[in-house]
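Following: one structure in structure tokens, then a few remarks.
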There are 2 protein chains.
Amino acid sequence: MVINDRERPVPAVTIADVARLAGVGESTVSRVLRRSGSYSEETRDKVLRAVSALGYVPNRIAGALASTESDLVALIVPSLANIVFPDVLRGASVALESSGFQSVIGVTDYEEAREEDLIASVLAWRPRALILAGLEHTDRSRAMIAASGVRVAEILDLDGQGIDHVVGFSQHAAGRDTARHLVGRGRRRLAYLGIRLPGDSRARKRHEGFLAGLAEAGLSPADQELVPAPSSAEAGRIGLATLLARTPDLDAVYFVNDDMAIGGYFHCLAEGITVPDRLALFGFNGLEVGQALPQPLSTIRTPRYRAGEVAAGLLLAQAPATVVDTGYELVPGATS
Amino acid sequence: MVINDRERPVPAVTIADVARLAGVGESTVSRVLRRSGSYSEETRDKVLRAVSALGYVPNRIAGALASTESDLVALIVPSLANIVFPDVLRGASVALESSGFQSVIGVTDYEEAREEDLIASVLAWRPRALILAGLEHTDRSRAMIAASGVRVAEILDLDGQGIDHVVGFSQHAAGRDTARHLVGRGRRRLAYLGIRLPGDSRARKRHEGFLAGLAEAGLSPADQELVPAPSSAEAGRIGLATLLARTPDLDAVYFVNDDMAIGGYFHCLAEGITVPDRLALFGFNGLEVGQALPQPLSTIRTPRYRAGEVAAGLLLAQAPATVVDTGYELVPGATS
DNA sequence: AACAGCATTGGCAGCGCTGCCAACTTATAA
DNA sequence: TTATAAGTTGGCAGCGCTGCCAATGCTGTT
């Protein structure tokens with residue numbers, strides 16, 4: 001049953017058709033459909049009857065052009081492969097959809113240049129607002145945003161200068177707190193296991209924070225390893241094996257995220273390495289699956305959903321530029 | 001540094017401004033920017049110079065209205081909490097973005113009525129195409145789609161009647177193959193562990209297929225359990241505990257998806273239940289993390305990314321209505 | 001010298017709607 | 001009764017762009 005074939009013979013029902021059938025003016029139809037201005041109940045019924053008789057679907061493109069404001073909100077994220085960003089989208093789209101907004105998304109693959117392109121093409125739709133990940137953007141991106149006048153929320157980072165709203169937490173502090181936590185538990189031979197992904201500035205800041213935290217205690221990392229992107233449990237497993245082969249006497253490993261840490265945990269399970277006695281494992285993000293491990297993963301739970309939600313809320317409320325520190329929660333777990 | 005404040009003092013640069021500065025007509029500017037029609041190199045340079053001098057960003061709303069075609073593609077998915085749908089989005093957006101299309105997304109929470117609302121509001125933007133999950137939609141959804149004339153791709157299911165393109169695989173067959181696999185390995189006391197989510201028709205079809213597969217072997221399920229949504233490792237853990245408490249002599253459990261199955265595996269680890277000797281575990285989706293477990297999870301790997309990619313490809317190519325069976329891959333793993 | 005053919009260009013209607021304003025009706029106050 | 005306010009309604013310009021068509025200037029031909 002092919003309903004739609006190549007040609008689009010549908011002649012498009014317009015507001016004029018509805019007005020004619022209902023025997024009212026176009027602006028009356030418009031008012032009824034947008035519940036704006038005033039109209040009698042009788043008129044409303046006539047209009048709604050005509051609308052459903054014709055199967056009229058308002059053309060928001062025309063509406064947006066006429067009113068010079070759209071109900072589009074653009075979200076530009078680095079990736080969809082990591083559950084972090086879908087979580088942000090979830091939080092944002094719940095808020096957005098319940099207010100009748102439409103989400104337009106773009107994926108940058110952690111490349112600023114790609115982000116710039118996406119910003120340009122999304123701004124062409126004159127969105128009501130823009131949600132970006134992180135605080136690092138090209139100069140041209142900033143210039144386009146400023147010139148367009150759209151409101152912006154930057155999320156999941158707090159370490160740097162924001163454009164407008166900023167909703168997130170300090171990645172640097174998260175890394176530093178992890179170091180303090182591990183050092184506080186007596187660890188001295190710590191390693192960092194990350195991935196090679198230069199565009200991931202948030203991971204970089206955590207890493208820097210971690211090193212700073214070690215330095216506070218007069219320590220430096222016993223080893224460090226960057227495995228090829230993308231992050232995955234398998235990558236964590238292999239990465240940990242590599243680290244331990246090179247530096248067998250490690251007593252703690254800080255993984256760039258939970259996916260990797262879970263893989264590391266599996267390596268320990270398979271190799272009979274006692275966690276945390278022999279080796280402490282620490283992740284980042286607080287994924288659900290990490291908490292369901294036989295030993296709940298030590299990690300930092302990040303408010304991803306909430307960040308999306310709060311950012312959307314600020315934008316919808318047209319609040320003055322605001323910085324919201326959503327914080328994070330260190331989950332001691334049982335692997336450190 | 002607040003760049004944007006409440007008012008939008010930006011007077012908006014239009015094509016007329018560019019035309020004036022470049023000393024050419026508006027249609028010439030339009031032609032240059034869209035690389036359509038013909039124009040001299042000199043003219044192009046003048047126009048581009050004016051564009052960057054003014055920081056002109058074309059208004060696609062106006063463009064779409066004038067040309068009565070937009071470069072928006074709408075994707076409506078049940079959820080973003082499960083990595084399945086982000087994977088689909090990834091596949092689709094790579095294809096879409098590389099062709100200069102913009103993705104508009106909506107999340108239905110597995111509710112047909114919600115899907116209907118989203119379809120209505122997204123059709124108001126006159127998208128070029130629409131990607132939906134599954135084949136189940138309300139009559140009004142179908143009617144709106146037919147009336148609008150947009151091309152549609154329905155993905156991740158093949159069991160039923162499609163509207164236009166259909167890209168996916170048979171969920172029923174996946175469930176049935178799982179039953180055959182487990183029965184073929186000598187299992188006789190099988191249970192199903194799902195979640196209470198009536199709108200998840202794909203899970204329902206797998207479940208039905210599973211029962212059909214058991215029936216082929218003259219078996220019926222030894223037990224079944226539906227835990228409250230959402231699915232998660234923790235839910236799988238608890239669900240398996242519940243099943244085993246009620247029916248201790250189970251020899252295999254089919255989980256609605258890998259998230260749940262991984263939780264079940266953790267339960268076995270924690271309780272010292274030997275997998276697969278004492279109990280076989282089987283999941284669905286083929287998540288990466290399941291394959292990194294000490295024993296790789298037995299599961300069915302589904303082509304989620306590919307489904308998004310193929311669907312987008314068909315739509316962009318304006319292909320005649322096509323049904324693509326992407327198939328799936330049964331991964332024997334080590335837990336069954 | 002006149003003309004067809006082509007590349008290049010500008011003018012302008014119109015895409016479908018909203019915002020504004022004026023016109024009208026009815027209710028209420030003076 | 002007349003003036004004033006409030007509630008309804010329709011007309012129409014115009015949002016910024018594209019598509020169509022006509023105009024222009026060249027080139028190469030007869």
Side-chain angles (χ1 to χ4, degrees), chain A residues 8 10-47 50-51 54-72 121 123-128 147-149, chain B residues 8 10-47 50-51 54-72 121 123-128 147-149:
Chain A
R8 178 184 300 212
V10 194
V13 181
T14 73
I15 206 171
D17 301 318
V18 177
R20 201 173 314 117
L21 180 59
V24 300
E26 295 183 23
S27 28
T28 300
V29 175
S30 175
R31 260 179 243 121
V32 170
L33 292 181
R34 288 178 301 135
R35 296 176 182 67
S36 78
S38 64
Y39 44 82
S40 68
E41 209 164 300
E42 187 197 339
T43 302
R44 189 201 59 201
D45 292 343
K46 277 192 297 189
V47 169
V51 164
L54 295 172
Y56 171 69
V57 177
N59 185 330
R60 292 214 212 182
I61 295 179
L65 180 60
S67 65
T68 57
E69 66 181 32
S70 79
D71 56 3
L72 257 23
S121 64
L123 285 181
W125 282 98
R126 303 293 187 264
R128 192 63 137 293
S148 74
Chain B
R8 175 184 302 212
V10 194
V13 181
T14 74
I15 204 170
D17 300 318
V18 177
R20 201 173 313 118
L21 180 58
V24 301
E26 295 183 22
S27 28
T28 300
V29 175
S30 175
R31 260 178 242 121
V32 170
L33 292 180
R34 288 178 303 135
R35 296 173 180 70
S36 78
S38 66
Y39 45 84
S40 69
E41 209 164 300
E42 187 198 339
T43 302
R44 191 202 56 200
D45 292 343
K46 277 192 297 189
V47 169
V51 164
L54 295 173
Y56 171 68
V57 177
N59 183 330
R60 291 214 213 182
I61 294 179
L65 181 61
S67 65
T68 57
E69 67 181 33
S70 80
D71 57 2
L72 258 22
S121 64
L123 285 182
W125 282 98
R126 302 294 186 265
R128 194 59 139 291
S148 75

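All values below were derived from every heavy atom in this structure, side-chain atoms included, with hydrogens, water molecules and symmetry-related copies excluded.
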Would you classify A:S36 as touching base, sugar-phosphate or nothing, given that sugar-phosphate means primed atoms plus P, OP1 and OP2, and contacts are heavy atoms under 4.0 Å?
nothing

The answer to which of B:L65 and B:R44 contacts DNA chain C further toward the 5' end, by nearest nucleotide, is B:R44

Minimum-distance nucleotide (side-chain atoms of B:S38 versus D:dG14, D:dC17, C:dA7):
C:dA7

I need the CD1-C1' distance between B:I15 and C:dG10, as an integer number of Å.
12 Å

Between B:R35 and B:V32, is there a donor-acceptor pair closer than 3.5 Å when you use the side chain of the first and the backbone of the second?
no

More 5' along DNA chain C: B:S67 or B:G23, using each one's nearest nucleotide?
B:G23

Less than 3.5 Å between a donor and an acceptor, one on the side chain of A:R31 and one on the base of D:dG10, is that the case here?
yes

Would a 4.5 Å heavy-atom cut-off, applied to side chains only, mark B:V24 and B:Y39 as touching?
no

Which atom names give the shortest non-hydrogen contact between A:S70 and A:W125, and what distance separates them?
OG-O, 3.9 Å

Remember a base hit wins even if backbone is also touched, and classify B:S40 as base, sugar-phosphate or nothing at under 4.0 Å, heavy atoms.
sugar-phosphate

A:E26 has an atom CD; how far is it from atom P of C:dG19, in whole Å?
14 Å

Here the distance between atom P of C:dC15 and atom CD of B:E69, to the nearest Å, is 16 Å

Check the distance between D:dT18's C1' and B:Y39's OH and give it to me in whole angstrom.
15 Å

Could you tell me how far apart A:R34 (CZ) and C:dC17 (C1') are, to the nearest whole angstrom?
8 Å

When you check the phosphate oxygens OP1 and OP2 of C:dG10, does a side-chain N or O of B:T28 lie under 4.0 Å from one of them?
yes

Ignoring hydrogens and angles, are the base of C:dG10 and the side chain of B:S27 linked by a donor-acceptor pair under 3.5 Å?
yes

In whole angstroms, the gap separating P of C:dC17 from OH of A:Y56 amounts to 3 Å

Do B:R20 and B:D17 have side chains that approach each other closer than 4.5 Å (heavy atoms only, starting at C-beta)?
yes

Of all the choices, C:dT18, D:dT8, D:dT18, which nucleotide is nearest to the side chain of B:S30 once you look at every atom?
D:dT18

A:E41 CD to D:dG7 P, straight-line distance once rounded to whole Å
15 Å

May I have the distance from B:N59 (atom CG) to D:dT18 (atom P), rounded to whole angstrom?
9 Å

Roughly how far apart are A:S148 OG and A:R126 CZ, rounded to 0.5 Å?
8.0 Å

